[in-house]
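In this chain, residues are counted from 1 in sequence order. No hydrogens, no waters, no symmetry mates; every other heavy atom, side chains included, goes into these values.
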Amino acid sequence: MPTIKEIATMASVSRSTVSRVLNDSGYVSDEARKRVEQVIKETGYMPSVQAKALRTKKTKVIGVIVPTIRTETSSRLVAGMDYILAEAGYQVLLATTNQEREKELEFLQLLQTRQVDGIIIAATNVEPTLIEKINRLSIPITVIGQEIDGVPNVLYDDYHAAKDLTQLLISKGHKRIGFIGVNEKDRAVGYLRKKAFLEMMKRASLKVETGWVQEGIFDIHSGYIATEKMLAYSKQLPTAIFAVTDRLAIGAMQFLKQHNYHVPDDIAVVGIGASEISEHLTPALTTVDYQYEQAGREAAMLLIQQLNVKESVTKKIVLDYRLLDRDSV
């Protein structure tokens with residue numbers, strides 16, 4: 001592999017001219033640029049990424065932190081980010097926390113040490129330690145899914161989506177509604193969706209039995225177990241189940257089918273997420289579409305905006321949603 005000095009000699013230009021061509025910076029005449037590009041093409045020269053990073057103080061790498069790579073939500077988010085980042089010349093360095101909050105903190109530090117140009121995190125909590133870590137970063141960051149002051153946020157309208165979903169169940173005559181949530185440390189999914197559900201039930205003067213409110217984690221089996229506990233609570237059964245994610249809802253439907261309950265005739269089920277499989281279930285799952293690819297694109301554009309301007313960006317984007325009323329209600 002030739003050196004920059006050898007490229008310059010073969011193209012009859014200075015080393016600085018070759019550097020300007022490689023970095024696409026500064027003035028180079030058309031004739032000189034063509035000679036340099038021709039030599040690069042003929043020799044197959046590839047500039048050192050590390051050397052370029054030292055010169056420009058840019059790695060053209062964005063760190064992305066997601067809670068898991070096993071859900072469609074994360075894959076759709078990353079696909080949306082990658083579309084925008086690739087167009088802007090950035091690569092993605094993906095880190096997954098496996099829903100461990102300590103790893104969110106570890107990866108924020110690790111990615112900054114690896115000298116990524118910026119970070120996008122799909123956060124799972126708003127605990128003070130995470131907020132402090134984010135606000136102390138020396139590189140740009142965008143947060144998806146949780147509202148954190150001082151940095152750009154891309155948010156889902158969790159409260160109103162859960163409110164509309166609960167109202168849909170009530171409007172279809174359901175008075176005994178069970179709920180499968182997640183830990184309320186996750187403010188968006190765990191707290192806001194539950195808050196909206198309880199408020200709508202109270203507004204409709206409907207009682208929420210203690211045993212009909214169950215907590216799971218972000219997987220199908222957890223929804224299965226939560227439904228088993230819910231139906232074992234009393235002889236009087238709920239006529240509908242509100243699960244805060246599609247995966248939990250799918251677990252609920254799985255339990256009901258295996259125990260000879262018909263959805264929705266015996267018990268209706270709803271979720272949130274509009275996963276691809278949700279419309280192919282029997283019956284098709286009523287859910288909320290948050291358009292996760294768009295969330296990924298918006299987050300990437302916010303990060304690029306920060307990289308391209310000197311002043312800080314603290315914009316908050318709240319995405320719209322679609323209620324998909326299907327056959328499970």
Side-chain angles (χ1 to χ4, degrees), residues 1-66 69 75 77-96 103 106-122 133-144 151-152 293 296-313 315:
M1 182 73 68
T3 63
I4 287 182
K5 183 178 179 180
E6 290 168 336
I7 294 289
T9 299
M10 286 185 277
S12 300
V13 297
S14 67
R15 291 176 62 181
S16 61
T17 297
V18 175
S19 180
R20 286 196 293 271
V21 172
L22 291 172
N23 294 314
D24 195 24
S25 62
Y27 173 76
V28 179
S29 69
D30 291 343
E31 183 181 349
R33 183 180 294 277
K34 287 179 181 178
R35 291 204 306 272
V36 172
E37 290 176 344
Q38 184 62 33
V39 172
I40 289 172
K41 182 179 179 181
E42 291 174 353
T43 60
Y45 175 78
M46 294 290 289
S48 166
V49 174
Q50 291 82 3
K52 185 174 181 180
L54 286 173
R55 290 193 304 272
T56 64
K57 296 184 179 179
K58 298 291 183 182
T59 61
K60 301 299 285 185
V61 175
I62 301 300
V64 173
I65 303 173
V66 295
I69 57 172
S75 64
L77 276 174
V78 174
M81 295 175 208
D82 189 57
Y83 177 83
I84 297 297
L85 293 172
E87 278 197 335
Y90 291 92
Q91 294 180 315
V92 169
L93 178 58
L94 186 64
T96 177
K103 284 193 173 183
E106 290 175 18
F107 282 134
L108 285 171
Q109 181 62 45
L110 178 61
L111 289 172
Q112 181 169 245
T113 302
R114 292 288 179 89
Q115 297 182 314
V116 297
D117 292 342
I119 294 174
I120 301 174
I121 178 172
K133 189 72 173 179
I134 285 174
N135 286 324
R136 289 176 62 184
L137 286 176
S138 61
I139 57 175
I141 185 168
T142 297
V143 178
I144 301 177
V151 297
E293 293 92 342
R297 288 193 288 269
E298 294 286 356
M301 287 188 285
L302 279 178
L303 191 69
I304 290 171
Q305 184 181 351
Q306 295 176 80
L307 293 167
N308 290 340
V309 299
K310 297 299 182 183
E311 65 270 14
S312 63
V313 177
K315 187 175 182 180

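- Using a 4.5 Å heavy-atom cutoff, the side chains of I141 and L108 are in contact.
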Is there a side-chain contact (heavy atoms from CB on, under 4.5 Å) between T142 and Q306? Walk through the geometry before answering.
CA-CA 9 Å; T142 297; Q306 295 176 80; 3.1 Å; yes
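- Taking NZ of K133 as the reference point, atom CZ of F107 lies at 13.0 Å (rounded to 0.5 Å).
- To the nearest 0.5 angstrom, L302 atom CG is 9.5 Å from I144 atom CD1.
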For residues 34-41, which side-chain donor-acceptor pairs fall under 3.5 Å, sequence neighbours excluded?
from	atom 1	to	atom 2	distance (Å)
R35	NE	A11	O	2.8
R35	NH1	E31	OE2	3.3
R35	NH2	S12	O	3.4
Q38	NE2	E42	OE2	2.8

List the steps, then state whether side-chain contact (heavy atoms from CB on, under 4.5 Å) holds for L303 with M81.
CA-CA 10 Å; L303 191 69; M81 295 175 208; over 6 Å; no
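- Side chains of I121 and V143 form a contact here, defined as non-hydrogen atoms less than 4.5 Å apart.
- A donor-acceptor contact shorter than 3.5 Å is absent between the side chain of Q112 and the backbone of Q109.
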Verdict with reasoning, E87 to I304, per side-chain contact (heavy atoms from CB on, under 4.5 Å)
CA-CA 11 Å; E87 278 197 335; I304 290 171; over 6 Å; no
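- Separation of atoms CD1 (I4) and OG (S16) is listed at 10.5 Å; rounding is to 0.5 Å.
- Between G80 and R297, the closest heavy-atom pair is O-CG, 3.2 Å.
- Counting only heavy atoms from C-beta outward, the side chains of V61 and L111 never approach each other to under 4.5 Å.
- In this structure, the side chain of R15 does not engage the main chain of A8 through any donor-acceptor pair within 3.5 Å.
- Expressed to the nearest 0.5 Å, how far CD1 of I120 lies from CG of L85 amounts to 5.0 Å.
- Counting heavy atoms of neighbouring residues, nucleotides and ligands inside a 6.0 Å radius, atom CG of L94 exceeds 12 of them.
- Heavy-atom minimum distance, G118 versus I139: CA-CD1, 4.2 Å.
- One distance of note links OH of Y90 with CD1 of I84; it measures 13.0 Å at 0.5 Å rounding.
- Rounded to the nearest 0.5 Å, atoms NZ (K315) and CD (E298) are 7.0 Å apart.
- Distance alone, capped at 3.5 Å, is enough to place a donor-acceptor pair between the D117 side chain and the K60 backbone.
- Of the candidates V116, L307, I119, L307 is the only one forming a side-chain contact (heavy atoms from CB on, under 4.5 Å) with I62.
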